[in-house]
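All remarks here apply to the structure that follows.
Quick note: numbers below take in every heavy atom, side chains included, and nothing from hydrogens, waters or symmetry partners. In this chain, residues are counted from 1 in sequence order.
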Amino acid sequence: MPDLASPHKIIVTGATSIIGHFLLSRLVAAGYEVHAISRNGEKNAATTGKQLIWHESDISRPEQFPPIDARALIHLAPLWLLPPLLPVLTLRQTKRMIGFGSTSVFSKVDSADVGERHVAGRLAEAEEAIGRLCGASETDWTVFRPTLVYDCARDKNITRIAGFIRRYGFFPLLGKAAGLRQPVHADDLAEACLMALEQPATFNRAYNVSGGETLSYRQMVEKIFSSLGKPARFFTVPPWMFRSAINVMTLVSDKQSTTLEMATRMNVDLCFNHTEATLDFGFSPRPFTPHWNDV
């Protein structure tokens, strides 16, 4: 059995993700030696220095995981990739885990789309496995479930809406688009990792981590128009035209398939309370503030 892993080293999987863009620099500034894992050998150019070591590794193959004697791991890759890594990390005395799931574990469990139900199921199974495996190895774990994550550069939601508006000068809405949203900035999630890392109140718990402002889907898009310096122009499609509108919505998704279920959710509330995160480790996310030159 190796000696206890170094408390000054921390592993970050999914290091080139949008949360990783902010987290790596925060960890380095906090004095950690950061071991960033990237499947394709990519590096985050925004973070440099001798405290940041990059490793090329496919974490879906646990037997090839780099031999790093770090006490903690922050997992930013899909949550279902973490349970298979836990036996390897346990052998190396990594005793603190933070992972990111999604509130989709709740919002998509009854989706009409089989693919979305599958994702919700994988997230739920991963959370159960993390609790069970970490409990058996006496490893302290925390799972964060964010809502709509954005950074105005690499995200797949807010940035794509902005791209559509820039290109066409309007945005299509289905019905009133009154479903409530709580966009959460990736940097607020990076900060949450540091705040929870050494906080015993967060051990062996899962938290919903939503944004600091609740607004309707339409209001969210209006703020994006405003941030781009453009007047809000909408093409509103009544609910009975949903199926015909899918062809329009496909444009928004940037060549990714847009389903009727995704369109319908414009009018579904996707809100989650983050009070427990605030009480336990001081989570205080910003209101929805899209900016296009700060990342």
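With sequence neighbours excluded, no residue forms a side chain to side chain donor-acceptor pair (under 3.5 Å) with Thr147. Partners of Arg26 according to the side chain to side chain donor-acceptor pair (under 3.5 Å) rule, which considers only residues two or more places apart in sequence or in another chain, are Asp187. For Arg233, the salt bridge (charged side-chain N to carboxylate O under 4.0 Å, His left out) test picks out no residue, with sequence neighbours left out. For Arg122, there are no salt bridge (charged side-chain N to carboxylate O under 4.0 Å, His left out) partners two or more places apart in sequence or in a different chain. Listed by chain and number, the residues in a side chain to side chain contact (heavy atoms under 4.5 Å, CB included) with Pro78 are Trp80, Leu81 (sequence neighbours excluded). Shown here are the side chain to side chain donor-acceptor pair (under 3.5 Å) partners of Tyr32, two or more places apart in sequence or in another chain: Glu198. In this structure, Lys108 has no salt bridge (charged side-chain N to carboxylate O under 4.0 Å, His left out) partners at least two apart in sequence or on a different chain. Glu63 pairs by the salt bridge (charged side-chain N to carboxylate O under 4.0 Å, His left out) definition with Arg61, not counting sequence neighbours.
A side-chain contact (heavy atoms from CB on, under 4.5 Å) with Leu76 is found for exactly one of Leu23, Thr13, Thr16, Ile37, namely Leu23.
Checked by atom type, the side-chain pair Gln64/Ser57 shows no donor-acceptor distance below 3.5 Å. Side chains of Ser38 and Trp54: no donor on one and acceptor on the other come within 3.5 Å. Judged purely by distance below 3.5 Å, without hydrogens or angles, the side chains of Arg39 and Ser60 never pair a donor atom with an acceptor atom.
Aromatic ring centres of Phe234 and Phe225: separated by under 6.0 Å. In summary, the aromatic rings of His185 and Phe288 are positioned with their centroids too far apart to meet the 6.0 Å limit.
Of the inter-residue distances, the one linking Thr214 atom OG1 with Asp269 atom CG reads 9.5 Å to the nearest 0.5 angstrom. Here the NZ-CG distance, from Lys9 to Asp69, works out to 3.5 Å after rounding to the nearest 0.5 Å.
Across every non-hydrogen atom of Arg92 and Pro67, the tightest pair is NH1-CA, 3.5 Å. The two residues Glu213 and Leu215 have their closest heavy-atom pair at O-CD2, 3.9 Å. Between Gly101 and Pro146, the shortest heavy-atom contact is O-CD, 3.4 Å. Contact record, Ser102 with Leu123: CB-CD1, 4.0 Å, taken as the closest heavy-atom pair. Nearest heavy atoms, Pro62 versus Val88: O-CG2, 3.8 Å. Ala30 approaches Leu194 most closely through the heavy-atom pair CB-CD2, 3.8 Å.
The closest donor-acceptor contact from the side chain of Tyr168 to the backbone of Gly163 lies at 3.5 Å or more, if one exists at all. Between the side chain of Thr90 and the main chain of Leu86, a donor-acceptor pair closer than 3.5 Å is present. Arg117 contributes a side-chain N or O that, together with a main-chain N or O of Ser111, makes up a donor-acceptor pair within less than 3.5 Å.
Within the structure, salt bridge (Lys or Arg N to Asp or Glu O under 4.0 Å) pairs that include any residue of residues 161-173 do not occur (at least two apart or interchain). Among residue pairs with one or both ends in residues 113-144, those qualifying as ring-ring contact (aromatic ring centres under 6.0 Å, His included) are Phe100-Phe144, Phe144-Phe281; sequence neighbours excluded. Applying the salt bridge (Lys or Arg N to Asp or Glu O under 4.0 Å) test to pairs two or more places apart or on separate chains, those with a residue in residues 129-143 are Glu128-Arg132. The salt bridge (Lys or Arg N to Asp or Glu O under 4.0 Å) analysis of residues 202-211, with sequence neighbours excluded, yields the pairs Arg205-Glu276, Arg205-Asp280.
Residues Phe203 and Phe283 fall into different hydrophobic clusters, defined by Ile, Leu, Val, Met, Phe, Trp and Tyr side chains chained together at heavy-atom separations under 4.5 Å. Both Phe272 and Val143 sit in one connected hydrophobic cluster of ILVMFWY residues. Membership requires side-chain heavy atoms under 4.5 Å apart, directly or through other members. Val268 and Phe106 fall into different hydrophobic clusters, where Ile, Leu, Val, Met, Phe, Trp and Tyr side chains are chained together by heavy-atom contacts under 4.5 Å. At a threshold of 4.5 Å between side-chain heavy atoms, the hydrophobic network of Ile, Leu, Val, Met, Phe, Trp and Tyr places Leu180 and Leu270 in two separate groups.
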